[in-house]
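The structure under discussion appears below in the form of structure tokens.
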Amino acid sequence: MRNSFLALITVACLASCTTLEPAYERPPAPIPSRFPDGAAYKDGGNTNSTPASQIGWRDFLVDPRLQRLVEIALRNNRDLRVAALKRAPGAGAVPHPALGLVSVSCGVRGRIGRARAGKDA
């Protein structure tokens, strides 16, 4: 009786380890299978235009309301103020339109020494 009960418990435990869930099939990705190859992609874009790194933000954002919003954000930016205040005042101060006065500094430190080695040291 005891052996049949242990066999029943063992079968029940092993049967509970299985799942009735169907096998998962990953749906196809909602992206194209290859890169686009139209005319705009072949010549590398308009090479006669000015690079974005050389365009000022006022020229890029032409809406006056948006320009005003950016001016307010730059004026009230605490990170810019803290960065400007952490610089040493008067050490190569450079005027910046958004920050006011920005201080830039550069320095080099070094040490040369001589020591004696041996019994008499």
Side-chain angles (χ1 to χ4, degrees):
M1 174 84 173
R2 183 176 164 107
N3 286 341
S4 62
F5 182 70
L6 284 176
L8 182 63
I9 294 292
T10 304
V11 169
C13 287
L14 291 176
S16 67
C17 294
T18 63
T19 180
L20 299 176
E21 179 181 349
Y24 177 74
E25 292 181 24
R26 182 182 291 256
I31 56 172
S33 60
R34 60 188 187 104
F35 289 112
D37 59 354
Y41 299 99
K42 289 185 181 176
D43 66 355
N46 186 359
T47 57
N48 297 329
S49 64
T50 306
S53 62
Q54 297 178 1
I55 298 174
W57 67 268
R58 289 183 190 270
D59 299 328
F60 186 76
L61 304 172
V62 293
D63 183 19
R65 289 176 28 194
L66 189 55
Q67 286 182 354
R68 180 74 180 130
L69 180 66
V70 170
E71 287 173 1
I72 292 170
L74 287 173
R75 190 175 336 116
N76 295 328
N77 190 334
R78 287 186 182 196
D79 291 335
L80 290 176
R81 279 190 266 155
V82 168
L85 291 174
K86 283 186 178 179
R87 301 288 182 179
V94 178
H96 189 278
L99 300 175
L101 195 62
V102 177
S103 176
V104 179
S105 64
C106 180
V108 176
R109 297 175 88 181
R111 187 175 121 181
I112 298 175
R114 206 168 111 173
R116 197 166 197 192
K119 291 192 273 184
D120 299 334

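Minimum interatomic distance between L6 and T10 (heavy atoms only, all atoms of both residues): O-OG1, 2.7 Å.
Applying the side chain to side chain donor-acceptor pair (under 3.5 Å) definition to pairs two or more places apart or across chains, none involves residues 20-32.
Applying the side chain to side chain contact (heavy atoms under 4.5 Å, CB included) criterion to L8, with sequence neighbours excluded, gives no partner residue. The side-chain hydrogen bond (donor to acceptor under 3.5 Å, both in side chains) search around R34 returns D37, not counting sequence neighbours.
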Please tabulate, for side-chain N and O atoms in residues 66-74, each donor-acceptor pair with protein atoms closer than 3.5 Å (sequence neighbours left out).
from: Q67; atom 1: NE2; to: R58; atom 2: O; distance (Å): 2.8
from: Q67; atom 1: NE2; to: L61; atom 2: O; distance (Å): 2.6
from: E71; atom 1: OE2; to: R58; atom 2: NH1; distance (Å): 2.6
from: E71; atom 1: OE2; to: R58; atom 2: NH2; distance (Å): 2.9

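Cluster note: F5 groups with I9 through ILVMFWY side-chain heavy atoms spaced under 4.5 Å, whether in direct contact or through intervening members. Through side-chain heavy atoms spaced under 4.5 Å, either directly or across other Ile, Leu, Val, Met, Phe, Trp or Tyr residues, V82 is tied to no other residue.
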